[in-house]
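This report concerns only the one structure given below.
Atoms within each ligand, like the ligands themselves, are counted from 1 in listed order.
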Amino acid sequence: MDDRRLESLIHDTFNGRLSRRDVLRRAGTLGLSVPVVAALLAACGSSNTASTPTASTGAAGTTGTPAATAVAGTPAASAAATSAATTTPAATPAASPSASTGVAYTKDNPPSVANAAAAKQYSGQTITYYGDSVGIGHDLDVIVTGQFTKDTGINVKVIQHPQSSTDTYATYLRFFQAKSPDIDVMMLDVIWPGAFAPHLMDLSQAFASEKSQYYDTIITNNTVNGKLVAIPWFGDFGMLFYRTDLLQKYGFTSPPATWDDLENQARTIMTGEHGRNSNFWGFVFQGDAYEGLTCDALEWLASTGGGSIIQNGQVTLNNPNAIQILNQARSWVGTIAPRGVTSYLEEDARNVFQGGNAAFMRNWPYAYALANSADSPVNGKVDVAPLPASAGQPHVGTVGGWQLGVSAYSKVQAASIELVRYMASPEVESYRAQIGSFVPTIAAVAADPEVIKAEPFLQKLQSVTRVTRPSGETGANYNQVSTYFFQGVNQILNGANASQQVPQITQQIQRVVG
Ligand code: GLC
């Protein structure tokens, strides 16, 4: 940390010399943590009389509750100076609502392209971009790339990747093995840099000045043998969505703390609701044999003392706690969860939950904005909590997230870099957080009061332990490891006994990792 630059940032902020945008840019390059930046922004807001409250985007905040009101005279400086650790963001005063980019975005008005001047030299070229297919993701891709074309003259052909991350992996692998120039820019799952590095451009030079604005941990994840193969775009972690109205109706004062609590609450609510709606379920999650189930099952293990599949090179899966929770999960299928959950992806779970047909759902942050959007049947009746855990075990969420990369075989690499620069810019990350509740990968954006308002779960679930899949240590073998795991767990959900299945999965994985 550069003390002199930090001091000058604090000084300039308190003298009212900086706009919010300036504060965010400078804070980003210093790598300040979210609470510190929030404190600086609050100070900036109190000295910036020009900032006026802006209308809600209507997309994400939804409860109509304004972000916590700014506390006059808050010692933001000391918060900044004393470091993030002691400052809880929940208590951090939010500044008046115009923020990061000075804009509360609406869906159809994405940020303009700040790097348009540099990008225009590639006007007329066409980029093929493999983008989102889940939730509102594709709509936002179309809007954002439309803005890029308007400002730069570069065309973007947007193709939706398959909804399953596992199928997307297979699709890209075929392109890469053929050294195909038919894919230029693509979304990359957080678990893939190791496997796909040889087929991706090194972006370290092109992003030399932006690199420090992203969270270090994701930059490290995306750096393979010194090559920065992907730019962080949005983060993810597993959370428990629940129906606030139904918990209240059935007398539950808080969401379930343990998996047993979840079962009890789910069963009570389901039984009660069946009189009204025979399609109503207690709990939905991702149970298909694909990467999503690896994420869900890792949470079951890590929250019950069952470990995290591989630890220090050893496959640790074969243990009594893991067997116990996997059999417990099996018991949910056909009781509190529909039989069909064993072929559910993210969107299947969301459709049931958002349609008003489930009390609890495990899903990623993107589902928050959608569940609470104006046309959602459960708008205003949804909140999130940490996923359950056994007594004495941590509440956990699997780390997910997506990056943007450029193919080593692309014929329009320079134009592609400009597209990535725009799409992963603080402005577009803020837009996507506000409209789609995508979690920013830039601390300064996460501290934007508009973003905090749109994503209250960022603060609320801060203490949740983030668990990672073993992709770093297994590299190019990760997909095979995960495939053995999710296939075995899917068989358990479909009726196999974990005490027989787990030793077999363990052996298969052990053979891969050696
Ligand atoms: C989400 C996560 C990703 C994960 C996938 C599994 O998209 O961001 O990391 O692999 O879900 O379905």
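- Assignment of Tyr290 to the shell around ligand 1 is supported, since a heavy atom sits closer than 4.0 Å.
- Every atom of ligand 1 is numbered from 1 in the order shown, and the set under 4.0 Å from a heavy atom of Gly292 is 6 (C), 12 (O).
- Both tests hold for Arg432 against Phe438: distance to the six-membered ring centre under 6.0 Å, angle to the ring axis within 45°.
- Polar contact check, Val399 against ligand 1: no nitrogen or oxygen pair lies under 3.5 Å apart.
- Considering each of Trp192, Tyr366, Tyr169, Trp402, the one bringing a non-hydrogen atom nearest atom 7 (O) of ligand 1 is Trp402.
- Aromatic ring centres of Phe237 and Trp364: separated by at least 6.0 Å.
- For Gln286 (side chain) and Leu345 (main-chain N/O), no donor-acceptor pair under 3.5 Å exists by modelled atom type.
- The ring of Phe196 has its center closer than 6.0 angstrom to the ring center of Phe176.
- Listed for the Ser430 side chain is no donor-acceptor partner under 3.5 Å among the backbone atoms of Pro426.
- For atom 10 (O) of ligand 1, the nearest non-hydrogen atom of the protein is Asp189 OD2, 2.5 Å.
- For the ring-ring contact (aromatic ring centres under 6.0 Å, His included) with His161, the lone residue among Trp402, Trp192, Tyr129 that qualifies is Trp402.
- Atoms of ligand 1 found under 4.0 Å from any heavy atom of Asp236 (numbered from 1 in listed order, with element): 1 (C), 2 (C), 7 (O), 8 (O).
- Where the criterion is an N or O separation shorter than 3.5 Å, residue side chain and backbone included, Trp364 meets it with respect to ligand 1.
- The proximity of Gln403 to ligand 1, defined as any non-hydrogen pair under 4.0 Å, does not occur for either the backbone or the side chain.
- Residue Glu346 approaches ligand 1 through these ligand atoms, each under 4.0 Å from one of its heavy atoms: 5 (C), 6 (C), 11 (O), 12 (O).
- Close contacts between ligand 1 and Arg469 involve ligand atoms 3 (C), 4 (C), 9 (O), 10 (O) [criterion: under 4.0 Å to a heavy atom].
- With ligand atoms numbered from 1 in the order given, ligand 1 contributes 2 (C), 8 (O), 9 (O) to contacts under 4.0 Å with heavy atoms of Gly400.
- Aromatic ring orientation, Phe241 versus Phe353: perpendicular (interplanar angle above 60°, classes split at 30° and 60°).
- In this structure, Trp233 has its ring center at least 6.0 angstrom away from the ring center of Tyr214.
- Contacts with ligand 1 closer than 4.0 Å are made by no heavy atom of Gln286, backbone or side chain.
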